[in-house]
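In what follows, every chain begins at residue 1, and chains take the letters A, B, ... in the order their sequences are listed.
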Amino acid sequence: MSRYNAREVEPKWQKAWEDAQVFRSIIDRSKPKYYVLEMFPYPSGRIHIGHGRNYVMGDVVARFKRAKGFNVLHPMGWDAFGMPAENAAMEQKSHPAKWTYANIETMKSQLKLLGLSVDWSREFATCDPGYYKHQQKMFLDFLRLGMVARKESNVNWDPVDNTVLANEQVVDGRGWRSGALVEQRKLTQWFFRISDMADELLTAIDGLDRWPDKVRLMQRNWIGRSEGARVTFTLTDAKHTSLEIFTTRPDTLFGASFCAISPDHPITQDLAKSNKKLVDFIAECKRTGNTAAAIEAAEKLGFDTGLRAKHPFIAGHSLPVFVANFVLMEYGLGAIFGCPAHDQRDLDFARKYNLPVIPVVVPTGEDAKTFSVGTEAFTGEGLLANSDFMNGMTVEDAKKDVIAKLEGRGIGKKTITYRLRDWGISRQRYWGCPIPIIHCLSCGPVPVPDRDLPVTLPEDATFDLPGNPLDRHPTWKNVVCPTCGKPARRETDTMDTFVDSSWYFARFCDAHAEGPTNPEAVNYWLPVDQYIGGIEHAILHLLYSRFFVRAMKKAGHAGLSEPFAGLFTQGMITHETYKDQDGKWLFPEEVEKRDGLALKRGTNQAVAIGPVEKMSKSKKNVVPPEAVADTYGVDAARWFMMSDSPPERDSEWSEAGIDGAWRFVQRVWRLVEEALPKLPGFGSSKPDSFSKEAIAIRRIAHRTIDLVSEDLEKFRFNKAVARIFEFINALSEFTPRSDSDQWAMREALEALVMLINPMVPHLSEECWRLLGATTMAVHAPWPKADPALTKVDSVTLAIQIDGKRRDEIELPKDLPAKAAEEAALAREGVLKAIDGRVIKKVIIVPNRIVNIVTEQK
RNA sequence: GGCCCCUUGGCGGAACUGGUAGACGCAACGGACUUAAAAUCCGUCGUUCGCGAGGACGUGCCGGUUCGAGUCCGGCAGGGGCCACCA
């Protein structure tokens, strides 16, 4: 009896797969294609087991589909541009490229350790000029087609690091690295005009039927469609004669008591030229941070411009126009009318500045004459009042009516507004894809001609100072204008790294294509049939990719609109956290558990066990894959990752859990090894008849094939694992006595070895070989269940008396209701439970339950 | 503040469309084997009453619909997620 030695077996099979180039994919139209992709990693250093779940899940799907006869594409690459590389370069006085490629090398060997069925011939990093040159080409294509804009926008500016910060890099109003108070600045930036596609991106969500509802909802909310109206107010001012506002509640127009415009509104800006106090007010508005807490605490502030707006329906009535800190220039028209009775912000504002509060929608059951609003605005349904021609209407009818009247008079229009803003892609950073533009004083921004692509990053940049190394490079940015030949300046901003990840899945279809994509390959492989990644990308990455593929279609680089037909968002791997007595984080391997106490290994120092959290480098609650592979083997790790929790939920990594998985691996090996000596040879012919026991085990085997196949199909890995355990339990109890029993045992073991193959491929190969196969399990087809053996012919029904379970009965499947009723009523226990009461009715659910309802005394 | 989701034994979790709650695994406990340990094997394992057969209770809490509710509806509590001054 030998023990299964994962340390020897796993590298052996990995090499065999590689030597045979098993996972190399080519276009093969004789089979259905299946593209499975995990969100590609950022090469941050080393991977830990927490990263592994994502790739293992994809690998299980890839191996399962391959066995089922699909032509599978399962590639891997690197999302390699980004700030951490630049920060590391600053700290280590090195170069981002050096750091990045070194990390890629480390992480690639770590990933290979997991035994992934990846076609490595398609590997690339987004920082390869061979990748980003195509991105530059597409940027220019999009520019020509009007999908790129250059415009001014407000950005978070870190005055110490001299760079723009993303919103998530601003913590409590300060830069996350420098700690400096972040300023709002206006910068001219490049944008992808994603908002032009808002409606299309929104309606197409309905068709993404293999995406989680949660993600679809998040995308819908992010796009944020609102129906409303734009209304033009006439101003009583010689210079500024009108003001256009957006509202979703035109029905409340008669409750208007003021208008408010954004500090960034053109009228505000114009008035500020001659009003020092307004300049101060605008500055004050800018100071309020845009953090959640700041917004919560922020007071509504207004500045009376002195302008008055004529009410569109009430002759002689006019409204004051304020500049207000809560009105955003980026949404709608940057101007609103305030109806305090029916909007909380307007109410807060009105109370502060003593403006009238006139209810115009009255909840049912309230009298219009007495209904009033105190400190809480009424935003519910009701009937219109104090509203002239709308009186008595429902909110919905009133909206339609007032919009028709406004349109009739040419002072309003029904409008749909989206929350989605254009995608600003300029970053004042070195380690990103250069934006292929040349700025010429005479010609303006000029595209870099195709023949000059790629615009590559200069290697001799310096990283010792904050700010953009490209901007301070002595020569790189100095070029001549491609149009007029005069001296000009290169664009020194690089692209947001989300651009890089918006089309990598298309590049994988032919990673060596001459153009951005190879149409034949893209049209064959896309869409991605199964995309797998973290929920944290539910909005940005997935929305940007959906936009980008649409743009690629317009530019002729792709033939479809939706890149990801199926999406699965997997949960994280978590682990306990540990701190020593000085409050320093400890790695799990530094902690030893003895007699229920946690101690620092090699000492008697107590360790504080902290909460279970997502594995992360900063909290040191990570487990390196090498350590797991060495002690237990990666199959045990893979099995544990698939068995513990449903895949969409978080899963806690524990020593006990991986121990259990290791025992499973040993148990399968033992089962096969112990049965082997008496089994008939591989491929021996099926006996003519079987014993009762053999038929029973064959039924279980075939039934398990069906159940596990269905579970894997539906991403229910934890249930597939449970089925396999049940199968193994049944096999352990089965003692073959005859030749035909032995044949049934072999059949069951072969099925078992194939069923576990996607999860524990190395163990499967080794058992497959042990069973006498001469080819690899990776080439073997998925087992097929015999319908004659999966058919169930008897079922156990529960018998309820008055809704309580009192008995159960075994009956032939699909027995008519009448017969089932008679059988149930013949049972002694049932009669005893009925206890002589009159039977009122009997409810029979075929093959499930008999419920006898009696007359209650 | 808005929208959404979740809550089942000591733990992870099963339970198809309203039809036998707790599959399977982990942990724990008792036993066998062993000089001993590991490994392995056998058994117990929601709470409670009963010697037993068996009974009562039980899916966060309160109520409803139903012959029947973990599952559907209303309310509450706790936990989590996304967005956030979006007019």
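Checking the phosphate oxygens (OP1, OP2) of B:rC26, a side-chain nitrogen or oxygen of A:Arg663 falls inside 4.0 Å. Put simply, A:Arg805 has no side-chain N or O that comes within less than 4.0 Å of OP1 or OP2 on B:rG54.
Applying the Watson-Crick and G-U wobble criteria (two distances, each under 3.5 Å), B:rG1 pairs with B:rC83. Nucleotide B:rG43 forms a Watson-Crick or G-U wobble pair with B:rC29, both donor-acceptor distances falling under 3.5 Å.
Relative to the side chain of A:Arg421, the nucleotides B:rC86, B:rC41, B:rC83 differ in distance, and B:rC86 lies closest. Out of B:rA23, B:rA15, B:rC57, the shortest distance to the side chain of A:Lys719 is found at B:rA15. You'll find that the side chain of A:Asn729 is closest to B:rG25, out of B:rC41, B:rC85, B:rG25. Of the candidate nucleotides B:rG13, B:rA27, B:rC82, B:rC82 has the atom nearest to the side chain of A:Ile539. Of the candidates B:rC24, B:rU20, B:rG13, the closest approach to any side-chain atom of A:Arg649 belongs to B:rG13. Residue A:Ser226 places its side chain closer to B:rA87 than to any other of B:rA87, B:rA23, B:rC86.
When each of A:Thr247 and A:Gln666 is assigned the nucleotide of RNA chain B bearing its nearest heavy atom, the one mapping closer to the 5' terminus is A:Gln666.
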When you compare the protein's N or O atoms with those of nucleotides 65-69 of chain B, which come within less than 3.5 Å of each other, and at what distance?
unit_1	atom_1	unit_2	atom_2	d
B:rC67	O2	A:Asn851	ND2	2.3

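With no hydrogens or angles considered, no side-chain donor-acceptor pair links A:Arg649 and A:Gln570 at under 3.5 Å.
With a 4.5 Å cut-off on side-chain heavy atoms, A:Leu243 and A:His265 count as touching.
Annotated as syn: B:rG9, whose O4'-C1'-N torsion sits within 90° of 0.
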